[in-house]
Student: 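Take a look at the following structure, please.
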There are 4 protein chains.
Amino acid sequence: MKAIIKTEEKPGLIYGDVPEPKPGPDEIKIKVAAASICGTDIHYNRWDAIAVSFKEKFGMKFPIVIGHECAGTVTEIGANVKTIDVGDRVSFETHIPCGRCYQCQTGQAHNCADMEIYGCSCPGCFSEYAVGPASVAFRLPEGVSLEEGSMFEPAGVAMRAVEEGKIVPGDVVLVYGCGPIGLMTQQLARSCGASRVIGIDIDEYRLDMAKKYGVEVINAKKEDVVKRVLELSGERRGVDVLLELTGSPKIFDHIFTLIRLEGRLVTIGHPISPVTVDVTKSINFRGIQWKGVFGRRIWDTWWDLAAMVQAKKLDILDVVTHRFPFSQFEQAFAQIDKGAGKILLVNDV
Amino acid sequence: MKAIIKTEEKPGLIYGDVPEPKPGPDEIKIKVAAASICGTDIHYNRWDAIAVSFKEKFGMKFPIVIGHECAGTVTEIGANVKTIDVGDRVSFETHIPCGRCYQCQTGQAHNCADMEIYGCSCPGCFSEYAVGPASVAFRLPEGVSLEEGSMFEPAGVAMRAVEEGKIVPGDVVLVYGCGPIGLMTQQLARSCGASRVIGIDIDEYRLDMAKKYGVEVINAKKEDVVKRVLELSGERRGVDVLLELTGSPKIFDHIFTLIRLEGRLVTIGHPISPVTVDVTKSINFRGIQWKGVFGRRIWDTWWDLAAMVQAKKLDILDVVTHRFPFSQFEQAFAQIDKGAGKILLVNDV
Amino acid sequence: MKAIIKTEEKPGLIYGDVPEPKPGPDEIKIKVAAASICGTDIHYNRWDAIAVSFKEKFGMKFPIVIGHECAGTVTEIGANVKTIDVGDRVSFETHIPCGRCYQCQTGQAHNCADMEIYGCSCPGCFSEYAVGPASVAFRLPEGVSLEEGSMFEPAGVAMRAVEEGKIVPGDVVLVYGCGPIGLMTQQLARSCGASRVIGIDIDEYRLDMAKKYGVEVINAKKEDVVKRVLELSGERRGVDVLLELTGSPKIFDHIFTLIRLEGRLVTIGHPISPVTVDVTKSINFRGIQWKGVFGRRIWDTWWDLAAMVQAKKLDILDVVTHRFPFSQFEQAFAQIDKGAGKILLVNDV
Amino acid sequence: MKAIIKTEEKPGLIYGDVPEPKPGPDEIKIKVAAASICGTDIHYNRWDAIAVSFKEKFGMKFPIVIGHECAGTVTEIGANVKTIDVGDRVSFETHIPCGRCYQCQTGQAHNCADMEIYGCSCPGCFSEYAVGPASVAFRLPEGVSLEEGSMFEPAGVAMRAVEEGKIVPGDVVLVYGCGPIGLMTQQLARSCGASRVIGIDIDEYRLDMAKKYGVEVINAKKEDVVKRVLELSGERRGVDVLLELTGSPKIFDHIFTLIRLEGRLVTIGHPISPVTVDVTKSINFRGIQWKGVFGRRIWDTWWDLAAMVQAKKLDILDVVTHRFPFSQFEQAFAQIDKGAGKILLVNDV
């Protein structure tokens with residue numbers, strides 16, 4: 001079958017032939033319908049420092065089919081599989097838990113101490129067919145399309161951000177960053193009790209998209225972010241919840257002042273360099289609660305997300321700006337450099 | 001000034017003259033703009049067993065101006081008052097906390113162990129001017145009208161119901177009862193993360209109103225409630241959250257089966273007679289969490305509500321079906337017997 | 001091998017020979033060290049209405065080795081088992097989750113919608129060797145003996161009671177019932193933040209045991225329970241948390257008045273008949289939060305318990321009053337009728 | 001009367017005469033029994049940068065009686081005071097809430113947006129008699145001595161640390177720092193569900209005191225902190241909860257690695273300089289929840305503490321190493337430089 005493959009520790013990917021995979025006893029096989037491109041896939045293509053660190057941490061072996069955000073229909077299941085049936089429509093969770101460590105046994109499997117990564121520790125899904133552990137397959141409910149399902153992994157990050165924000169009805173919520181996950185986070189925050197949602201970015205196109213969802217936007221290049229946020233938050237003197245999605249180290253010089261006393265910070269974006277924090281003034285005196293997020297709760301976040309998509313409270317596909325067949329993956333990756341929301345690779349075989 | 005007064009322990013109310021009240025050192029005086037009629041006021045009018053129990057419990061003394069759900073503009077403040085200014089637009093909380101008991105000192109003042117009741121322990125607000133403790137006056141924020149403010153006390157019950165429901169994004173929420181508070185609860189549940197809201201009633205007019213808010217309705221007289229709820233809740237096999245607003249003792253014979261295993265029940269309606277509960281099968285084996293609600297958290301619920309009204313996520317006045325001047329209070333009470341949503345008494349002086 | 005077997009739907013059990021079991025692909029086999037007798041086992045022996053209801057609900061098939069509270073050393077594992085190794089010392093959880101339903105997928109597997117029961121849906125552990133699903137085997141940590149491990153299932157009920165009590169430091173906690181689980185609950189409550197623990201029973205021997213753990217005891221036959229609890233709870237005017245372990249329907253006529261306003265009730269005992277509840281006065285006006293408990297959270301409760309046993313904050317074996325070899329099971333069951341704490345059956349083969 | 005006074009913006013304090021204070025309408029007057037010396041008082045004595053920042057932020061006016069941690073008996077109450085009676089034994093909370101801001105109205109008064117500070121915004125308690133707002137007076141319950149009460153403010157920080165740690169039964173808790181508040185925190189953690197408490201310091205005397213409370217100690221000068229903590233936390237691979245009390249900026253280079261994945265960090269110590277944090281690796285990938293603490297919840301923390309002291313689960317006075325009369329305040333401050341636990345100033349008049 002055809003697949004997008006990484007063959008060696010150098011930049012570049014190949015669209016070529018690989019043997020059709022056979023599910024192991026605990027695995028399932030799906031006919032892939034669509035797969036979305038993640039930032040990690042871009043790192044694998046470029047083969048930069050982050051790609052190398054993933055290879056070392058999670059044991060990538062070449063050649064490997066990459067890709068991990070996908071959905072498809074189950075065509076075959078391994079002998080031990082009891083939770084998934086042939087014909088089910090599923091999407092894969094990327095974090096593969098060991099099932100044995102303290103985290104796995106106490107409801108924190110999304111941050112397993114011995115985690116493996118789908119599409120890195122084992123082959124992924126940029127291919128006609130894909131196999132994966134049944135333990136990370138989520139059955140898509142009725143009313144959710146396979147294209148929507150292929151976006152559940154990144155949309156799950158948005159859902160998790162909102163969950164960890166622990167929004168109380170009426171809260172003023174600030175989402176820093178209006179990229180695809182930011183825009184989904186904003187839609188969800190609006191639907192989950194926020195009385196107002198503020199979005200910050202420096203890209204007018206993204207800010208215009210945010211406005212569509214009823215978000216009050218601030219262009220950080222043109223406006224005084226601190227002043228505007230304090231105005232918009234009124235008597236709260238800062239937002240109740242700040243969801244940080246930019247991963248920009250430099251915004252840590254002011255984000256704490258945007259949050260009201262005893263407010264909450266959730267960091268989802270991963271800064272590439274350390275930041276400086278005045279613990280006394282920014283964390284202690286302000287009484288901040290700061291939660292770092294990695295992955296989606298298995299399966300709480302997925303169920304929550306599925307329900308919100310079914311209910312039309314989140315339009316996942318609205319942040320998809322381009323679609324390409326697997327065979328045109330090079331145009332897809334090129335498009336990212338030119339500017340894009342989420343890009344779907346579709347299986348046209 | 002003119003007021004609606006209860007003069008003795010017999011049925012009936014009088015619209016007559018009373019001296020304009022003077023605020024004590026810890027009180028404020030408002031010019032009443034509007035006041036809504038509560039079920040308790042109907043009991044006072046009828047002077048039934050519930051009215052008598054309130055008189056005995058909370059020390060009602062005649063003659064007394066009744067009424068407790070209101071909003072107005074502050075015209076005078078007592079010498080010690082620091083939290084309210086002349087000119088503020090305020091609404092009163094009915095539960096007057098002592099400030100001294102364990103509940104008051106630990107964030108549970110809404111259920112003070114030595115509570116007094118506005119419009120019962122002391123004169124209320126069905127009058128041109130009213131006084132009340134500054135400690136139970138809530139400043140209405142910009143963008144909230146005085147008519148909306150006069151509905152904050154009952155709307156706060158809807159807000160509290162949703163807060164205690166602890167809705168997780170995507171939850172299926174059932175609101176049993178589509179009266180004015182039920183309809184507000186449904187609107188709020190929809191805005192606070194519920195993926196679907198189910199409403200049950202036996203009155204087609206109310207069910208039609210519920211539909212307007214996107215609620216999936218069940219007429220308990222015409223449909224099999226258990227069967228329909230199980231259908232609508234799908235793989236959850238029952239709703240995540242059931243908010244009980246009817247106060248009907250007889251529905252306790254089936255409501256537990258409407259809730260999924262480990263789901264949540266919040267009772268807000270007050271049944272007039274005890275109910276029978278199979279603790280083993282209905283509570284323990286199902287792992288139910290049941291929370292009884294009385295009053296609004298002071299002031300958390302009020303802030304939450306104010307933000308949702310400002311954000312147009314709750315249209316409080318949509319459940320107001322009639323308005324009468326104080327002088328026509330008899331028509332107002334008569335209308336209730338004929339059928340009505342919430343009725344506002346407006347100060348036309 | 002020798003085992004205690006139920007052969008037909010009549011009273012009685014047999015100590016006889018059965019083939020040594022072979023673990024299936026997802027199962028493990030243990031050499032049983034000790035097993036404790038549960039109330040359910042007594043029902044199976046008597047073959048009363050409760051036994052019949054279990055047989056019907058969970059599909060008991062004869063002949064069957066009964067028993068489900070045990071610990072032993074793993075001698076063999078099935079082909080798919082990854083979470084348990086030969087040589088591990090394990091204890092079995094009784095609730096066997098399906099892994100597929102909503103509850104299983106969202107952290108509530110202890111109350112699986114399609115649950116099976118160890119020692120009922122499948123053979124149990126009153127035998128020299130036993131098999132069971134690897135998914136319900138808990139590895140005992142160092143410092144926990146096999147005898148202690150054989151008590152983890154019932155001790156887990158005590159641990160769960162305390163967890164669901166959500167004790168805030170300084171809380172006054174009432175444990176209604178001083179049987180073996182009540183006594184373990186009291187020890188744990190004392191170690192988990194309660195400033196005082198009150199124990200109620202009608203058996204002086206049990207009350208004396210409770211006193212040993214620093215519990216303030218009330219003999220419900222000799223003292224006015226309501227008066228004493230209100231005295232002991234002081235300004236709280238009722239306990240913060242009431243953990244109900246008696247399963248006595250009749251105490252529901254007064255337990256709500258023992259709980260302070262906005263306090264918490266956890267019911268763990270299973271009343272055999274329905275109870276009458278005044279929802280208005282007992283639940284709503286008091287603002288009670290009531291949680292029904294069934295089973296132990298998998299595996300949170302087990303980890304919590306293991307840590308408390310390791311730390312010597314719970315002496316599980318202190319409630320064990322008798323030990324018998326499997327072959328003397330008749331004396332063991334006879335002892336229960338005469339009066340006993342927990343009884344251990346030990347494998348003397 | 002005699003008092004310890006700050007007369008000007010220079011180093012030093014004076015023991016001299018001031019007029020006996022008269023309570024305002026919302027204030028109470030107490031005969032001071034004992035008062036403990038806080039780090040802030042040392043700053044006022046030295047008149048360093050921190051003292052200047054407090055003066056500017058909270059409006060200190062000279063001459064001023066300093067001191068804020070105290071207990072005494074009420075001798076007089078202002079005209080509006082309803083929550084305190086003459087003869088009550090009380091202790092003062094230092095954070096004086098405005099009662100009007102968003103924080104004050106929603107259960108977060110301890111971090112009031114317009115806070116004043118007792119003993120800084122207004123005169124304090126190092127004097128024979130003291131006045132203070134009734135709103136920050138806590139009635140000491142029976143069984144708590146005035147000396148114990150004079151330590152409630154700092155002991156409340158220890159109580160709050162444990163509360164915010166949200167200890168689950170069985171948790172492994174690390175308290176970084178074994179000064180007086182650290183030692184109280186360790187006692188409380190032990191009593192509130194921790195299965196093991198680890199204490200780190202560099203002072204052998206303090207570590208020996210910690211050992212007395214059953215704490216497993218690490219001398220950071222002599223041992224490899226990371227290695228030891230990982231050993232002690234076993235399969236959790238890090239502690240569940242880390243309570244940071246040193247305020248040392250440099251330990252932020254390793255504290256995140258001491259916490260298990262998805263564990264909790266509470267910072268109570270106030271570092272004097274900013275720290276560097278790798279958000280990606282230390283917060284996000286580890287899924288850390290970080291809470292900054294300032295002050296004691298009013299009055300939840302005080303009630304919790306009072307109950308734990310009454311129950312003898314915290315021996316507050318064990319960390320008091322010296323007592324001096326007010327007149328010998330110079331020896332008291334000198335003792336601090338030589339080394340001391342908590343020092344009490346007692347009113348010997």
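Small disclaimer: the values here were computed from a predicted structure and weren't measured.
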Student: For chain A, which candidate among B:Glu163, B:Arg236, B:Glu235 shows the most heavy-atom pairs at distances under 4.5 Å?
Tutor: B:Glu235
Student: Using a heavy-atom distance cut-off of less than 4.5 Å, which residues of residues 295-313 of chain B contact chain A?
Tutor: B:Trp303, B:Asp304, B:Ala307, B:Met308, B:Ala311, B:Lys313
Student: Which of residues 151-159 of chain B have a heavy atom under 4.5 Å from any heavy atom of chain A?
Tutor: B:Met159
Student: Got a sec: does the CD of A:Glu231 have more than 12 other heavy atoms crowding it under 6.0 Å?
Tutor: yes
Student: With a 4.5 Å heavy-atom cut-off (strictly below), which parts of residues 164-180 of chain A touch chain B? List them by number.
Tutor: A:Val168, A:Pro169, A:Gly170
Student: How would you list, in number order, the residues of residues 184-198 of chain B that have a heavy atom less than 4.5 Å from chain A?
Tutor: B:Arg190, B:Ser191, B:Cys192, B:Gly193, B:Ala194, B:Ser195
